[in-house]
Colleague: 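Sending over a structure as structure tokens; questions will come in a sec.
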Number of protein chains: 2
Amino acid sequence: MAVSVVLNGTGGRKVTVAPEKAERIREIARELRYQPNHVARTFRSGRTAQVAVVFQNFGHFRSHSSYRGDVMNGVMDALFPEGYTLSLCPKLMDERHPDAISDGRFDGVLWCRPDLSDASATALQHARVPVVMMHAPAGTVLGVPTFCADNEGAMRRVVAHLVSLGHEKLAFVIDPVSEHSIEGQSRAEALKSAARRVGLQEPDVIVLGQDHRILSRYAEPDAPHTALVCFSDELAGFVLKSCEQFGIDVPGHVSVVGFDSSPLCETTRPRLTSVAQPVERMAFEATTHLLSLIRAAEEGKPSQSATSTLYDCVLDIRESTAPPPAH
Amino acid sequence: MAVSVVLNGTGGRKVTVAPEKAERIREIARELRYQPNHVARTFRSGRTAQVAVVFQNFGHFRSHSSYRGDVMNGVMDALFPEGYTLSLCPKLMDERHPDAISDGRFDGVLWCRPDLSDASATALQHARVPVVMMHAPAGTVLGVPTFCADNEGAMRRVVAHLVSLGHEKLAFVIDPVSEHSIEGQSRAEALKSAARRVGLQEPDVIVLGQDHRILSRYAEPDAPHTALVCFSDELAGFVLKSCEQFGIDVPGHVSVVGFDSSPLCETTRPRLTSVAQPVERMAFEATTHLLSLIRAAEEGKPSQSATSTLYDCVLDIRESTAPPPAH
DNA sequence: TTGAAAGCGTTACCAT
DNA sequence: ATGGTAACGCTTTCAA
């Protein structure tokens with residue numbers, strides 16, 4: 001009816017309403033406290049103006065990590081000025097409902113969860129809405145653009161720093177959960193390849209579960225490694241704590257490097273040297289790209305081939321790295 | 001049709017379908033990659049299974065404060081197991097669209113934004129969905145339940161701590177934005193009343209904008225106050241920085257107390273004594289209550305009178321408080 | 001310029 | 001047991 005035209009400015013822009021009638025409509029609407037029903041409009045138009053964000057390791061982000069906050073800041077900065085709503089949906093977080101992606105609720109999905117199962121991968125690939133991934137290398141899922149830290153470059157910087165201090169025997173430390181994630185594999189490989197580049201022996205990969213006794217040997221002069229490069233700051237934090245318990249001096253006996261350069265790094269003793277990914281910027285640009293894909297899809301444009309973007313990481317050098325012990 | 005019954009288990013539970021037909025339906029659905037349209041179901045049922053959270057001072061939460069993360073953790077812990085989706089909506093964050101609350105998209109709203117304008121207050125009161133507020137004293141908006149820190153109790157603890165150290169001249173420090181918020185007023189009043197209780201002179205209220213020169217006098221022996229109780233950790237952090245610039249020793253010349261006991265408190269020099277609110281628990285319980293209101297409304301139960309819950313705060317004593325300087 | 005009608009996908013109800 | 005029909009609120013198209 002005319003009401004729709006007057007109040008919501010729609011109506012194929014071919015319809016005009018007499019000014020006085022329009023005024024009367026507005027008045028009555030005010031009187032009745034009329035609110036256009038957003039769900040009905042969404043239903044009719046097929047446009048939800050809503051974007052979902054899916055996080056990895058959901059429970060883990062209760063820690064002091066600022067990761068989730070950084071992602072959300074970037075996402076909101078991209079979404080809100082464009083009028084999009086951000087949605088965190090339990091079904092999407094749960095591996096068991098992978099095709100909730102395409103249930104019509106979301107115009108697009110930002111998938112920050114490289115630990116994907118086969119079912120999720122299939123669902124992502126067949127999603128009826130645009131999807132963008134963070135923290136996954138190019139081509140992880142066919143047709144899905146990726147925004148990822150340059151793990152190779154990051155590990156080259158880590159190795160350069162450690163080598164400049166005199167280290168030769170490195171190890172990569174990872175937790176059993178992340179071990180099988182794409183990002184975990186990618187960082188482990190990147191460290192190995194960076195070490196190879198400078199002629200170092202290949203770093204070992206240490207999977208560190210509940211039992212940290214393996215760390216106890218690092219006080220001894222014949223320790224197998226003098227520097228531990230950790231998958232995350234959180235893990236590095238646990239390593240520091242265990243070292244303290246075992247009477248191992250960091251960085252005197254062994255150097256420790258984290259990943260993310262979160263606020264946690266400033267609170268540990270010693271303060272933690274760590275790789276900084278520009279998480280907020282990655283999230284912002286990934287989301288912006290997602291919006292452009294959404295608009296293209298709405299205008300019926302053919303989907304372009306998937307792009308992939310790598311982000312340079314810097315090494316924030318703090319106090320947990322130093323020359324290895326002299327023999 | 002039968003399809004609805006078979007695939008979505010609905011259909012007034014009076015309808016039955018022959019097993020073989022049901023199987024055929026399922027098969028075809030699989031073949032077509034059929035996905036029930038969630039928007040249509042929402043439209044039809046009027047139930048969105050979506051709850052909105054509205055934050056205060058949106059821009060401010062880019063800081064190291066863990067506030068927003070704490071709230072979100074509590075909210076998600078309450079929502080996700082019940083299958084509700086969390087939504088952050090730019091319209092709700094924006095004062096100009098207050099009645100987006102009732103546009104049908106949300107089954108309920110958690111309003112963490114005591115800095116409300118008159119328009120928002122009216123919108124909250126007339127909302128067609130249940131609303132719950134955090135950080136606002138009882139009765140802030142008629143009919144809206146509140147979940148709030150016990151500012152009175154918190155300030156009594158702060159005063160007790162400072163008095164035990166020997167302080168007599170206190171001030172409340174607040175930024176110009178928070179000054180007019182309900183929570184700002186409430187904490188200022190709470191400090192005054194706590195001081196009065198123990199026979200201290202009434203604390204001054206210092207509104208601290210960009211210009212911190214007013215702090216320079218605290219190095220002098222006749223400084224008007226020996227302890228500054230700040231509205232937030234963030235503000236306290238700025239105070240610490242300015243003090244350092246002016247050569248004022250904290251806690252030697254003046255003691256500083258924050259509010260929130262966020263991770264920031266561990267990173268400042270000296271580490272910041274601060275009041276801890278159980279933000280995550282508050283958010284969890286507020287959200288749980290919201291869900292119960294939503295269910296009651298769905299079942300057509302009359303709305304109960306609004307409850308209000310106060311949360312005990314503890315004082316985390318760190319390094320920024322000490323006895324006042326001897327004259 | 002205005003009004004009437006169809007349809008989006010789902011589900012509840014009521015005839016068969 | 002089965003399947004047809006109407007309705008949710010909105011927007012667009014078409015006819016008056």
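Note on naming: letters A, B, ... go to the chains in the order of the sequence lines (proteins, then strands), and numbering restarts at 1 for each one.
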Colleague: Let me spell it out: for each of Glu20(B) and Ser45(B), pick the nucleotide of DNA chain D with the closest heavy atom. Which residue's pick is nearer the 5' end?
Modeller: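 Taking each residue's closest nucleotide, the earlier one in sequence belongs to Glu20(B).
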Colleague: What is the distance from CZ of Arg105(A) to C1' of dT10(C), rounded to the nearest Å?
Modeller: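 That distance rounds to 15 Å.
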Colleague: The side chain of Lys21(A) lies closest to which of these nucleotides: dC10(D), dT11(C), dT2(C)?
Modeller: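 Looking only at heavy atoms from C-beta outward on Lys21(A), the closest nucleotide is dT2(C).
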Colleague: When the distance from CG of Asp103(A) to P of dC8(C) is rounded to whole Å, what number comes out?
Modeller: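 To the nearest whole Å, that distance equals 19 Å.
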Colleague: Within this structure, what is the CE-CD distance for the pair Met93(B) and Glu95(B), rounded to the nearest 0.5 Å?
Modeller: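 Those atoms lie 12.5 Å apart.
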Colleague: Can Arg295(A) and Glu298(A) be counted as an ion pair, charged N to O under 4.0 angstrom?
Modeller: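 Not counted as a salt bridge, because no side-chain N and carboxylate O are separated by less than 4.0 Å.
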Colleague: Kindly confirm whether the side-chain ring of Phe43(B) is stacked on the base of dC8(D), judged by centres under 5.5 Å and planes under 30°.
Modeller: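 According to the criterion (under 5.5 Å, under 30°), yes, Phe43(B) stacks.
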Colleague: Round to a whole Å and report the spacing from CZ of Arg44(B) to P of dA6(D).
Modeller: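 Interatomic distance, CZ of Arg44(B) to P of dA6(D): 14 Å.
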Colleague: For Glu20(A), which residues count as a salt bridge (charged side-chain N to carboxylate O under 4.0 Å, His left out) partner, sequence neighbours excluded?
Modeller: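 Listed in chain order: nothing, the list is empty.
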Colleague: Return the value, rounded to whole Å, for the distance between atom CD1 of Ile25(A) and atom P of dT1(C).
Modeller: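 It is 13 Å, rounded to the nearest whole Å.
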Colleague: Round to a whole Å and report the spacing from CZ of Arg47(B) to P of dA12(C).
Modeller: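 Taking atom P of dA12(C) as the reference, CZ of Arg47(B) is at 13 Å.
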Colleague: What's the NE2-P distance between His38(B) and dG9(C), to the nearest Å?
Modeller: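 Value for this atom pair: 16 Å.
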Colleague: For Ala127(A), what residues pass the side-chain contact (heavy atoms from CB on, under 4.5 Å) criterion, not counting sequence neighbours?
Modeller: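 Applying side-chain contact (heavy atoms from CB on, under 4.5 Å) to Ala127(A) gives Ile101(A), Ser102(A), Val131(A).
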Colleague: Taking OP1 and OP2 of dT11(C), is either one under 4.0 Å from a side-chain nitrogen or oxygen of Arg41(B)?
Modeller: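 Answer yes for this pair, as a side-chain N or O of Arg41(B) is under 4.0 Å from OP1 or OP2.
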